[in-house]
Amino acid sequence: MRPRPTSTEPVATAPDVHIEVKEPPRTPKQIARARRKAAAKRVWREYRKNTMGMAGLIILGFFVFVAIFAPLLASSCGLDPTCPSTGPQLHAPSLKYPLGTDDLGRSVLTLTIWGTRISMIVGLVSTAITILIGVTIGLIAGYYGAWRETVLMRLTDWFLVIPFLPLAIVLATLLGPSFYTVIFVIAITSWPSAARVIRAQVLSLKTRPYVERARALGASDWHLVTRHILPNVGPLIFANTVLTVAVAILYESTLSFLGLGDPLHTSWGTILENSFGAGAPFAGNWWWVVPPGLAIVLVVLSFTMIGYALDDILNPKLRAR
Amino acid sequence: MSTRRYLISKVLQAILTLAFVLAFNFFLFRAVGDPVTQLLRGHSGISAQAVLQLQRQLGLDLPLPQQFVHYVKETFEGHLGYSYFYNLPVSQVIAGRIWPTILLIGLSTLASTALGIWIGIRQGWRRGSKYDQGMLAFTLFTYSMPEFWFGLLIIMAFAVGVGPFPALFPTGGYETTGAGYTGMAHVVDVLNHMVLPFFVLTLSYLGEYSLIMRSSLLETLGEDFIITARAKGVRENRVLYGHAVPNALLPTMTVTILQLGFVLSGVITIELIFNWPGLGLLTATSVDARDFPVLQGLFLLFSASVIVANLVADLLYSYLDPRVRAA
């Protein structure tokens with residue numbers, strides 16, 4: 001894990017870009033950076049010992065590789081039914097088409113490879129937005145307390161109660177199927193749990209002596225939040241993020257399966273939707289159904305395993321035991 | 001806080017949440033979507049006059065606050081609008097689909113809770129054993145699996161019969177159409193159709209319950225009264241089932257009720273792939289038909305049932321565990 005970037009340092013001090021101070025006395029910034037580097041190293045050392053976490057990391061690495069190098073692994077032409085590389089329709093797996101073909105003669109392997117990209121991007125982007133909303137609301141509610149907390153937490157509880165999929169379906173149907181709708185819908189329906197976790201942590205952090213000390217020394221709210229609270233909530237946010245990606249990818253596949261995904265992009269969910277729409281499961285065309293689903297399971301599994309491993313290491317509540 | 005005040009505050013909270021959902025529902029379908037455009041989707045050459053008339057008919061020419069009051073009144077009277085697709089009142093469309101869903105959710109939740117609790121007890125009691133680790137891996141796997149994909153696999157294996165698998169059950173539906181079974185034969189027919197969706201839902205949520213039961217039992221086993229019981233010389237079996245399990249069951253029971261929101265989500269795709277004529281299938285087909293009034297009604301019903309379930313969980317918890325009331 002990378003340490004939090006410390007670029008938010010207020011530029012009140014003279015910009016001494018040219019002078020390279022390597023020797024002690026070090027600036028507070030350097031001390032903080034060194035400390036975080038050491039902490040990151042410690043986490044990584046512990047993480048490496050976690051079998052489940054490492055297994056998750058390897059699986060995830062494989063899929064990230066596939067997503068990045070998709071154009072090299074399979075020509076994007078194979079997504080187009082009019083492409084010359086398409087073969088016979090609904091062909092069972094063979095040497096030329098290792099995972100068979102769909103009803104338009106496209107290679108299921110090609111579809112699954114390219115689906116990796118969309119599924120991962122949707123998962124990551126929607127998670128980023130989810131966490132952004134969750135952290136903002138959790139921080140404000142936890143740090144300021146009083147009426148802000150009451151209002152924000154009531155809102156969070158409301159959103160928490162509304163069943164996710166019906167809400168997502170309603171939103172996606174109203175907004176029309178598109179890549180951005182899916183991302184927006186996932187983010188808007190999954191932030192509440194992140195907000196609650198962050199708030200709880202902020203509540204305990206803001207009463208710590210070092211925060212009180214900084215406040216007594218005249219630190220502003222902004223300074224306290226960005227330099228003392230946020231870096232300490234950071235690890236928890238990170239573990240939470242990883243788990244949220246898993247959920248987001250699952251949600252994307254469900255929404256796409258219900259026909260609310262972007263019809264112009266191939267994701268694992270849309271492959272499954274197409275196969276179901278074409279009656280593949282009922283005709284026994286298993287090669288069209290198994291691969292995209294298995295890919296979803298593996299990626300979600302990898303994120304979940306990494307998330308649990310990180311939670312084990314980073315969550316102070318679990319570590320204390 | 002007294003029991004009475006606790007109950008009243010919980011009920012008030014539920015009512016407030018319900019009010020929020022009502023307002024949210026109204027906002028969603030009026031502000032995000034425009035009912036007239038939705039209604040006229042696919043039609044061309046509609047005169048401006050006809051649009052105006054339609055707006056008046058739907059009460060959309062009134063100011064928003066007035067529309068909202070009207071909407072709330074109508075909702076409480078059970079008027080949820082008119083389905084574009086079925087040409088029937090939404091309440092009637094929904095009412096016709098409720099029972100299959102209740103049957104499916106009810107039976108599968110019963111089964112997955114009972115099994116999950118049993119597995120969780122065995123896991124927690126022998127923490128770190130082969131069984132525990134195996135079950136944890138299984139839990140992680142079912143958690144990572146989209147329910148509908150699992151359902152498709154089951155359909156291929158046991159309804160269609162791919163490869164070595166025998167086609168044992170019908171691929172979908174609620175009953176054999178045109179068979180005209182009555183009495184016991186009808187019950188057997190429906191159950192036969194329900195086996196696969198029931199199995200898929202049960203297995204999909206089993207892991208969640210076993211996980212909760214396991215961690216809850218582990219927590220209970222660390223409490224002082226367990227040590228006391230053991231020190232007294234209570235037999236191990238009695239420590240588990242007499243002392244630990246009853247206490248560990250509390251959180252599991254309430255969480256089971258709180259899971260309803262997730263189960264509802266799962267039921268939507270499962271009913272779709274098994275063509276089970278319940279609320280989930282209705283949701284999926286209404287999405288396809290862009291039947292907004294039905295979606296709105298379903299959304300309201302789903303949210304309301306989750307809110308009520310939450311309330312029941314709260315009340316049940318306070319009844320079963322007096323410590324909650326005291327807090």
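Please read all numbers here as calculations on a predicted model, not as lab measurements. To find a chain, count down the sequence lines: A is the first, B the second, and so on, and within it residues start at 1.
With a threshold of 4.5 angstrom between heavy atoms, B:T17 approaches chain A through its backbone and through its side chain. Heavy atoms of B:L295 lying under 4.5 Å from chain A belong to its backbone as well as its side chain. Looking at B:L153, the atoms closer than 4.5 Å to chain A (heavy atoms on both sides) all sit in the side chain, from C-beta outward. In this structure, the portions of A:V290 lying under 4.5 Å from any heavy atom of chain B include both its backbone and its side chain. Residue contact with chain B, scored on non-hydrogen atoms closer than 4.5 Å, is absent for A:I249. The parts of B:V287 that come within reach of chain A are both its backbone and its side chain, each placing non-hydrogen atoms under 4.5 angstrom from that chain. Interface remark: B:F150 contributes no atoms to any contact with chain A (heavy atom separation under 4.5 Å). Neither the backbone nor the side chain of A:F303 has a heavy atom closer than 4.5 Å to any heavy atom of chain B.
Taking all atoms of both residues into account, the shortest heavy-atom contact from A:T254 to B:T269 is CG2-CG2, 3.7 Å. Between A:L301 and B:S144, the shortest heavy-atom contact is CD1-OG, 3.1 Å. A:N285 and B:M156 make their closest contact through C-SD, 4.4 Å (heavy atoms, listed as atom of the first residue, atom of the second, distance).
Using a 4.5 Å heavy-atom cutoff, the side chains of B:I268 and A:P166 are in contact. You'll find the side chain of B:L152 reaches within 4.5 Å of the side chain of A:F257, heavy atoms only. No side-chain heavy atom of B:F299 sits under 4.5 Å from any side-chain heavy atom of A:I169. For the pair A:L167/B:F302, no side-chain contact is recorded, criterion being any heavy-atom separation below 4.5 Å from C-beta on. A 4.5 Å side-chain heavy-atom check between B:F20 and A:I162 finds at least one atom pair inside the cut-off. Taking the side chain as every heavy atom from C-beta outward, B:W149 and A:V297 approach each other to under 4.5 Å. Considering only heavy atoms from C-beta on, A:F164 stays 4.5 Å or farther from B:L264 through its side chain. Side chains of B:R290 and A:T173 form a contact here, defined as non-hydrogen atoms less than 4.5 Å apart.
Classification of the A:F159-B:F24 ring pair by plane angle, with boundaries at 30° and 60°, yields perpendicular.
Per-residue heavy-atom pair counts under 4.5 Å with chain A were compared for B:I307, B:N310, B:I273, B:N25, and the maximum is reached by B:I273. Considering only heavy-atom pairs separated by less than 4.5 Å from chain A, the leading option among B:I155, B:L298, B:T283, B:L272 is B:L272.
Using a 4.5 Å heavy-atom cut-off against chain B, the contacting residues of residues 266-280 of chain A are A:L272, A:F276.
By the neighbour-count criterion of 12 heavy atoms within 6.0 Å, atom CZ of A:R148 is densely surrounded, having more than that number from other residues, nucleotides or ligands.
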